[in-house]
Amino acid sequence: MQFNLVRTPFGSPVAQALCSELHEEYVRRYGDGDETVIGEDDFAPPNGDFLVAFGPDGEPAGCGGWRAHEDGDAEMKRIYVREGYRRRGLARRIVAAVEDSAARAGRKRMLLETGPRQPEAIAMYGSLGYEPVTPFGHYASTEGSVHLGREIQDIQ
């Protein structure tokens with residue numbers, strides 16, 4: 001299945017609709033949503049980017065982005081694929097596009113945080129070379145929170 005990844009403002013209706021669906025997914029899995037503070041400008045180039053994947057039918061299928069993190073790193077956020085588009089490699093395509101965008105912006109390493117009730121995400125990130133890193137951000141001291149990272153400067 002062909003997907004078209006398009007740079008999209010984080011505050012756009014399509015990006016916000018996908019992020020709302022992701023929030024609902026967090027509520028189903030954890031009982032509440034992600035409490036990380038995210039500003040609309042966090043994903044604005046050159047200090048971030050947000051992408052929406054559209055399916056061949058033109059419908060939004062998924063999303064993901066990165067925002068600047070300290071020491072020249074990037075933090076990946078809001079990787080999401082709608083249920084009807086899962087198991088087609090789209091999450092990996094989104095991650096690759098997010099990494100590429102951050103690397104092109106001069107970021108050295110990609111960081112992310114996920115949780116134990118997302119084993120499919122943890123497995124995917126592990127298969128892509130992500131390894132444990134020092135906890136950071138809002139969930140740094142949350143038991144069970146999974147913090148991962150990998151070098152991206154050489155993937156261009």
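For the side chain to side chain donor-acceptor pair (under 3.5 Å) test, residues two or more places apart in sequence or in another chain that qualify with Asp57 are Tyr85. Residues forming a side chain to side chain donor-acceptor pair (under 3.5 Å) with His138 (at least two apart in sequence, or on another chain): Glu35. Listed by chain and number, the residues in a ring-ring contact (aromatic ring centres under 6.0 Å, His included) with Tyr125 are Tyr130 (sequence neighbours excluded). In this view, Arg67 and Asp42, Glu75 satisfy the side chain to side chain donor-acceptor pair (under 3.5 Å) rule, not counting sequence neighbours.
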Only distances under 3.5 Å count here; give the side-chain donor-acceptor pairs of residues 59-66 to other protein atoms, sequence neighbours excluded, each with its distance to 0.1 Å.
{"unit_1": "Trp66", "atom_1": "NE1", "unit_2": "Ser101", "atom_2": "OG", "d": "2.9"}

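Between Asp73 and Arg107, none of the side-chain N atoms (NZ, or NE/NH1/NH2) sits under 4.0 Å from a carboxylate O, so this pair counts as no salt bridge. A salt bridge between Glu25 and Arg78 is absent, with no side-chain N of the basic residue lying under 4.0 Å from a carboxylate O of the acidic one.
Interatomic distance, CE of Met76 versus CD of Glu99, reported as 5.5 Å (0.5 Å rounding). Rounding to the nearest 0.5 angstrom, the gap separating the CG atom in Leu18 from the OG1 atom in Thr8 is 9.0 Å.
Although no hydrogens or angles enter the test, the distance criterion places no donor-acceptor pair under 3.5 Å between the side chain of Arg150 and the main chain of Met110. Under the 3.5 Å distance criterion, the side-chain polar atoms of Arg92 are left unmatched by any main-chain donor or acceptor of Arg88. Of the possible polar contacts, none joining the Thr36 side chain to the Asp34 backbone as a donor-acceptor pair under 3.5 Å is found. A donor-acceptor pair under 3.5 Å is absent between the side-chain atoms of Gln2 and the main chain of Gly55, judged by distance alone. A distance-only check finds a donor-acceptor pair linking the side chain of Tyr30 to the backbone of Gly115 [under 3.5 Å]. Within the 3.5 Å criterion, the main-chain N or O of Thr142 finds no donor-acceptor partner in the side chain of Ser145.
Aromatic rings of His147 and Tyr139 (six-membered ring for Trp) have centroids beyond the 6.0 Å cut-off, not under it.
When each of Ile38, Leu111, Leu22 is paired with Lys77, the side chain to side chain contact (heavy atoms under 4.5 Å, CB included) condition holds for Ile38 and for no other.
Side-chain contact between Val52 and Leu5 is absent, with no heavy atoms from C-beta onward closer than 4.5 Å. Contact annotation: the side chain of Val95 approaches that of Met124 to within less than 4.5 Å [non-hydrogen atoms, C-beta and beyond]. Taking 4.5 Å as the limit, some side-chain heavy atom of Arg7 sits within range of a side-chain heavy atom of Pro45.
Among residue pairs with one or both ends in residues 110-134, those qualifying as salt bridge (Lys or Arg N to Asp or Glu O under 4.0 Å) are Arg29-Glu120; sequence neighbours excluded.
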Could you check Glu21 against Arg82 for salt bridge (Lys or Arg N to Asp or Glu O under 4.0 Å), going step by step and ending with a plain yes or no?
-> CA-CA 8 Å; Glu21 289 180 25; Arg82 294 175 110 179; 2.7 Å; yes
Apply side-chain contact (heavy atoms from CB on, under 4.5 Å) to the pair Leu90 and Arg86, showing each step before the final yes or no.
-> CA-CA 7 Å; Leu90 181 55; Arg86 293 179 185 167; over 6 Å; no
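Ring pair Phe43/Phe50 is perpendicular by interplanar angle, where above 60° counts as perpendicular and below 30° as parallel.
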